[in-house]
Amino acid sequence: MLSLINKQVLLGITGGIAAYKSAELCRLLVKAGADVRVVMTQSACEFITPLTMQALSSNRVHTELLDEAAEAAMGHIELARWADLIMIAPASANFIARLAHGEANDLLTTTCLAASAPITLAPAMNQAMWSNQNTQDNLANLKTKGRLIFGPADGEQACGDIGPGRMLEPTELIEQAANLFQTGALADLSVCITAGPTREAIDPVRYISNHSSGKMGYALAHAAAEAGAKVNLISGPVHLSPPPHINLINVESAEQMLNAATRTSCDIFIGVAAVADYRPIQKASNKIKKSKDAIQIELIKNPDILATIAAQQPKPFCVGFAAETENLESNALAKLKNKNIDLVVANHATETFNKDEASVNAYWHNGKKVLTLDRKEKIARELILLIKELM
Ligand code: C5P
């Protein structure tokens with residue numbers, strides 16, 4: 001089963017008998033890991049109830065453009081921004097015509113106009129309507145604008161005709177949708193990513209650590225695997241499920257992370273882990289007892305994993321992260337130079353740690369790219385494309 005884990009899919013349903021299949025499509029999207037929000041046109045509601053779609057998507061269904069309550073919760077602009085992918089299934093001849101002409105006279109057309117995410121259409125109509133030159137012209141027009149047309153299939157139709165115009169089956173639509181995220185940008189390359197915090201033991205029950213959630217490292221591992229790379233994810237202790245199709249190596253301390261990193265050869269090394277800068281010189285063999293009012297723990301500097309990998313010959317393409325609380329740009333540029341890396345991704349530590357969203361500035365030797373606030377999954381996909389571009 002292809003994965004749509006962490007993908008935000010807006011399912012647009014328009015008026016046609018194939019709308020009954022959208023219920024199954026929604027169920028399969030959710031099963032494939034997608035977070036699904038449904039937008040229905042007025043005529044779609046004649047064929048299938050919003051309540052059905054609400055139950056299957058576990059989200060309130062959107063039907064009105066001018067609905068105060070709905071707009072307050074999530075209006076058309078938010079819906080458009082939210083979506084990683086917009087799937088219109090079924091796409092009626094009328095909807096195809098309206099979209100081709102840039103109309104914005106209901107919630108679904110307006111959301112499509114406002115969206116930058118890919119838009120796919122699964123046409124479903126009578127064979128004569130499908131073959132009509134007007135429909136074909138509209139489809140050609142939509143294709144030139146980058147809209148993707150899934151299907152239709154050929155065969156027996158609800159009206160009794162036989163010919164092209166049947167909506168593709170939900171499983172086929174899911175497969176084509178999932179394939180859109182398999183970019184192949186890093187095909188045949190191996191990627192090693194460190195993620196999460198490290199734990200530096202004080203005694204058998206206590207440690208020094210930090211608040212890193214591992215979310216950005218895991219999102220990058222997922223995006224790299226989707227881009228076709230062989231991914232080794234070296235992770236400190238986090239509460240995240242590993243993304244599909246990656247090799248997870250669990251570690252605790254910085255020294256264990258370094259050992260795992262040096263043993264793993266790769267074309268691209270991405271150090272996202274918030275490695276503890278220092279560790280206790282000695283780990284007490286027994287639990288330290290409460291006695292004196294003040295005690296001291298002597299710390300020693302941890303090895304710099306990223307700099308160690310960047311000093312290897314041959315050297316992989318090295319990417320580092322810089323979570324800073326001040327002087328973002330100068331600190332990031334200093335890391336680029338001092339660690340001899342190829343790309344540094346900087347962000348404000350307080351805005352990023354443990355959050356689902358991030359805004360980052362990426363710096364390389366003679367360039368810079370600003371990625372504005374977005375879900376870490378989306379930022380990760382953009383960073384993977386940037387790495388591919390710079391390599
Ligand atoms: O030196 P600093 O911690 O500010 O640099 C952050 C970057 O270096 C991150 O990419 C982090 O994963 C990496 N790093 C490392 N080993 C360390 C410290 C940081 O790989 N000991």
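What's counted below: heavy atoms across the whole structure, side chains too, no hydrogens, waters or symmetry copies. Just so you know, ligand 1 is whichever comes first in the structure, and atom 1 is the first atom listed for that ligand. Quick caveat: nothing in here was measured; it's all calculated off a predicted structure.
Applying the 4.0 Å criterion to heavy atoms of Gly320 picks out, from ligand 1, the atoms 10 (O). Taking a cut-off of under 4.0 Å to the non-hydrogen atoms of Gly271, the atoms of ligand 1 that pass are 9 (C), 10 (O), 11 (C), 12 (O). The ligand atoms of ligand 1 that sit less than 4.0 angstrom from a heavy atom of Pro303 are 16 (N), 17 (C), 21 (N). Near Ala273, the atoms of ligand 1 lying under 4.0 angstrom from a non-hydrogen atom of the residue are 11 (C), 12 (O).
Side-chain contact, Ser235 with Asn250: no donor N or O sits under 3.5 Å from an acceptor N or O. Between the side chains of Ser253 and Tyr207, no donor-acceptor pair is found at a separation under 3.5 Å. Looking only at atom types and distance, the side chain of Asp106 has a donor-acceptor partner in the side chain of Thr109 under 3.5 Å away. Side chain to side chain, Asn141 and Lys145 meet the donor-acceptor criterion of an N or O pair below 3.5 Å.
At least one N or O atom of Ile305 sits closer than 3.5 Å to an N or O atom of ligand 1. When only interatomic distances are considered, the shortest N/O to N/O separation between Leu306 and ligand 1 falls below 3.5 Å.
Put simply, the side chain of Thr194 gets close to the backbone of Val272: a donor and an acceptor are under 3.5 Å apart.
Closest to atom 9 (C) of ligand 1 among all protein heavy atoms lies Phe321 O, 3.1 Å. Given atom 4 (O) of ligand 1, the protein heavy atom at minimum distance is Lys335 NZ, 2.5 Å. Looking only at protein heavy atoms, the nearest one to atom 3 (O) of ligand 1 is Asp277 OD1, 4.0 Å. Counting protein heavy atoms only, atom 19 (C) of ligand 1 is closest to Lys339 NZ, 3.7 Å.
Among Val319, Val275, Asn331, Thr308, the residue whose heavy atom lies nearest to atom 18 (C) of ligand 1 is Val275.
The pair Glu389-Lys369 does not count as a salt bridge, with every side-chain nitrogen at least 4.0 angstrom from each carboxylate oxygen. The existence of a salt bridge linking Arg81 and Glu78 is excluded, since no basic side-chain nitrogen approaches an acidic carboxylate oxygen closer than 4.0 Å.
In this structure the side chain of Lys21 never reaches within 4.5 angstrom of the side chain of Leu173, judged on heavy atoms.
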